[in-house]
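Only one structure is covered here, and it is reproduced in the block below.
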Amino acid sequence: MKYEAIVLAAGQGKRMNAGMNKQFLELGGEPLIVRTLKVFDGDERCAGIVLVVNPAERQRLAQLLERYRIRKVTALANGGQERQHSVYNGLQALKGEGIVLIHDGARPFIRVRQLHELADAAVQDGAAIPAVRVKDTIKKANGLFVEETIDRSSLWAAQTPQAFRLSLIMEAHEAAKRDGYLGTDDASLIERLGKPVRLLEGDYQNIKLTTPDDLLFAEAILASRLVE
Ligand code: CTP
Ligand code: MG
């Protein structure tokens, strides 16, 4: 079964501290956002991509799509203040049927195999997300003093893309909007309705480029894939 994708590029990349939206930073000679889009563009099961952009960068992104011959972007939607608003705007560009994968433009290392696993799981269970087991010991703190150590055995770090039946995620976004709820991922909007979200084992290499250190990790992942 095919799916549609929403790829988010409308952030500011403040934590990357690059003086520009991190989506345009080059990784191995190609802009980050191009690398991410290419994975979806090259997947035969991807029916179309809605790219969510900052209106001031629309032109620049449209030029990149031309230059790198990315064919499946069917719409450029305007981003909003928070990530959730950007997703909401992206959803408006889709019909309420089928499966949607919602992905951070800043995660270029997603594998096609995982896209398929997620889409299949969403058909079955309505909502599915990739996540990795937390490796560090996690402390809950009050200021700079530890309050408690959280049991790690049930903790997972959520990634994207997160896959949903379109009707379900649209309903969840409408409900969040109505209630003034702001979440840091899309699955949390489903969880608050008491509906199940399935976890799939993710990939530690599917990092989100967030801070300057992540550029070093990204170069290493890229180098390892060149010899695959
Ligand atoms: N994003 C978006 N619209 C927003 C905020 C974020 O489309 N209003 C996108 C970003 O472009 C990114 C993804 O959501 O691909 C994940 O967000 P994050 O890593 O936080 O990126 P930024 O918001 O750009 O970075 P920062 O928070 O450091 O400013
Ligand atoms: Mg952000």
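Atoms within each ligand, like the ligands themselves, are counted from 1 in listed order. The shown structure was predicted, so the numbers you read here are calculated from the model rather than taken from an experiment.
Residues forming a side-chain contact (heavy atoms from CB on, under 4.5 Å) with Q81 (at least two apart in sequence, or on another chain): H85.
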Do D151 and S153 pass the side chain to side chain donor-acceptor pair (under 3.5 Å) test, and can you show the C-alpha distance, the side-chain angles, and the key distance before you say yes or no?
-> CA-CA 6 Å; D151 175 18; S153 63; 3.0 Å; yes
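Applying the 6.0 Å contact sphere to CD of E66 captures no more than 12 heavy atoms from other residues, nucleotides or ligands. The local environment of CD in Q59 is sparse, with at most 12 non-hydrogen atoms from other residues, nucleotides or ligands closer than 6.0 Å.
Remark: of the listed residues L215, L32, T210, L215 is the sole one forming a side-chain contact (heavy atoms from CB on, under 4.5 Å) with M16.
A heavy-atom cutoff of 4.0 Å around ligand 1 is satisfied by the protein residues L8, A9, A10, G11, Q12, G13, K14, R15, K22, Q23, G80, Q81, E82, R83, S86, D104, G105, A106, K208.
Looking at K38 and D43, no side-chain N of the basic residue comes within less than 4.0 Å of a carboxylate O on the acidic one, giving no salt bridge.
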